[in-house]
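Just so it is clear, the values below take in all heavy atoms, side chains as well, and ignore hydrogens, waters and symmetry mates. Residue numbers begin at 1 in each chain, while the letters A, B, ... track the order of the sequences.
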2 protein chains.
Amino acid sequence: MPVKINETIIQPHVPKGRQRFDRAAALDRALELFWRKGFTPTTVGELCAVMGINPPSLYGAFGNKAQLFMEAIAQYERVYWDQTWVALEAEPDVRKAFAAFFAEAARILTSPDAPCGCVVVTGAINVPAEDQHIADALRNLREQERDLFLARLQRGVADGQLADEIDTDAIATSLITLLEGMSIEASGGAAGKRLQQVAACAVRLVG
Amino acid sequence: MPVKINETIIQPHVPKGRQRFDRAAALDRALELFWRKGFTPTTVGELCAVMGINPPSLYGAFGNKAQLFMEAIAQYERVYWDQTWVALEAEPDVRKAFAAFFAEAARILTSPDAPCGCVVVTGAINVPAEDQHIADALRNLREQERDLFLARLQRGVADGQLADEIDTDAIATSLITLLEGMSIEASGGAAGKRLQQVAACAVRLVG
DNA sequence: GACGGTTTGTAGCTAGCACTACAAATAGGC
DNA sequence: GCCTATTTGTAGTGCTAGCTACAAACCGTC
């Protein structure tokens, strides 16, 4: 079979056989389920049901349950949080920036799409030992968020909006810790109003 | 069979047959495992291993896995937290009281016995739907804790140590939320020093 | 010391999990 | 219109979970 290698390489995506289901739409449905139920309690059977496919299609398109979960997480960050982080940097006043961030966070965590907290916080708590790498990946994501808090606080100090003496490291850790707690509250069914109360208090940590 | 009913009722606990294993010691071992791993990932097989018993003994003494878990939770509260709550009330200065509480909390959550947060917070996240009643029970416990915070804050206002205008309700919610976040951090392996940083910032929420 | 109630250890049960063979169905390339 | 690559649906695999039947071992009581 003299395949013309160059030509096939030039064309990036040539679907030859039967065309696949709507991968992006299915991922959205998977995210919604993982978000509500967490990684472990969500079964492949349930995923297939909401995605409108059968197990072989899921494994063919996403690898396995864990890889599907990580793709859903990336989708979640992109759709729900990217704008919020951009706004944290865009607002010049550091206190207003954090106030807006936490108010928006309270809104997302009690979103009608899935009013059950942040899947990055709650999605992989209590996973069996063999899935520990998933919990580790989410913890790394949260640590990156903490570093974004820290950078914003340091900029606030550099801008003269915050006192030089404050412990930006401790404050950044406290803010991410409070944000994590807000996910626990939301996952327990806390109302949006209750989280807005917490968001209002959060700014006091900034100093 | 003319059994002497009155006599048997008078005697409250008459172990007739073969005597049981050390129930209290076994419960301690079960708590340690539940604490580290959470409810769902902890298997009955692992529980039996650390408790030094076999499944029939576990079910005979504790009912089932869920009831054993709830007994372990009660034991946990008693051994690790009861004193801390008493101290919150005993200290007359409300700010000192909360400072001490959160410092002690940071210590407990990173305790060498199980440096993985509070089992009341993390133990029943992501349980399957059929075990939802366990998550509900833990959430009720946390709500009780919030009410203790609230009462202490209100006393602080009554004692003239806190301004009348503060929103004690919002602050109590924020404090329990932060405490819950600290458990997430600890379960992710955060060092004791890191949680002490958060504890130091917590007092700023009191107002 | 035999009896009767209790606990114990062995072994296994049912159900549900993540995952996969396999062949039929699909659709582009020649 | 055939070939070939890919996806699909059916049906099932192996594994592990929580839980239990059963008979032997134990121990106070008569």
*A/F69 and A/W35: aromatic ring centres closer than 6.0 Å?*
no
*Separation of C/dG9 C1' from B/L58 CG (nearest whole Å)*: 14 Å
*Interatomic spacing from OG in B/S174 to CE in A/M182 - rounded to 0.5 Å*: 8.5 Å
*Whole-Å distance between D/dG18 P and B/I53 CD1?*
14 Å
*asked:* Quick one: does any side-chain atom of B/K37 pair with a main-chain N or O of B/E32 as donor and acceptor, under 3.5 Å?
replied: no
Could you run down the sub-3.5 Å N/O contacts of the protein with nucleotides 23-27 of chain D?
residue : atom : partner : partner atom : Å
D/dC26  : O2   : B/R18   : N            : 3.4

_Gap separating the CG atom of B/N64 from the CG atom of B/L58, nearest 0.5 angstrom_ = 9.0 Å
*Over how many whole Å does the gap from A/N54 atom CG to C/dC22 atom P extend?*
18 Å
*Let me know the distance between CZ of B/F21 and P of C/dG9, rounded to the nearest Å.*
10 Å
_Spacing of A/F62 atom CZ relative to D/dT8 atom P, expressed in whole Å_ = 11 Å
*Report yes if a side-chain nitrogen or oxygen of B/S57 is closer than 4.0 Å to either non-bridging phosphate oxygen (OP1 or OP2) of C/dT8; otherwise report no.*
yes
*Which whole-number value in Å describes the distance from A/N126 CG to D/dA17 C1'?*
16 Å
*Would you find a donor on one side and an acceptor on the other, under 3.5 Å apart, between the side chain of B/D93 and the backbone of B/R95?*
yes
*Would you call B/V120 and B/E77 a side-chain contact if the rule is heavy atoms closer than 4.5 Å?*
yes
*Let me know the distance between CZ of B/R23 and C1' of C/dT8, rounded to the nearest Å.*
17 Å
_If the condition is ring pair (Phe, Tyr, Trp, His ring centres under 6.0 Å), which residues does B/F98 pass it with, not counting sequence neighbours?_
B/F149
*asked:* Just by distance, no angles: are the side chains of B/R78 and B/Q75 close enough, under 3.5 Å, to form a donor-acceptor pair?
replied: yes
*Is A/R36 salt-bridged to A/D113, going by a charged N under 4.0 Å from an acidic O?*
no
*Report the distance from atom CZ of A/R20 to atom C1' of C/dA27, rounded to the nearest whole Å.*
15 Å
Under 3.5 Å, which N/O atoms of the protein pair with N/O atoms of nucleotides 17-21 of chain C?
residue : atom : partner : partner atom : Å
C/dA18  : OP1  : A/T42   : O            : 3.3
C/dA18  : OP1  : A/K65   : NZ           : 2.8
C/dA18  : OP2  : A/V44   : N            : 2.8
C/dC19  : OP2  : A/Y59   : OH           : 3.0
C/dC19  : OP2  : A/K65   : N            : 3.2
C/dC19  : O5'  : A/Y59   : OH           : 3.3

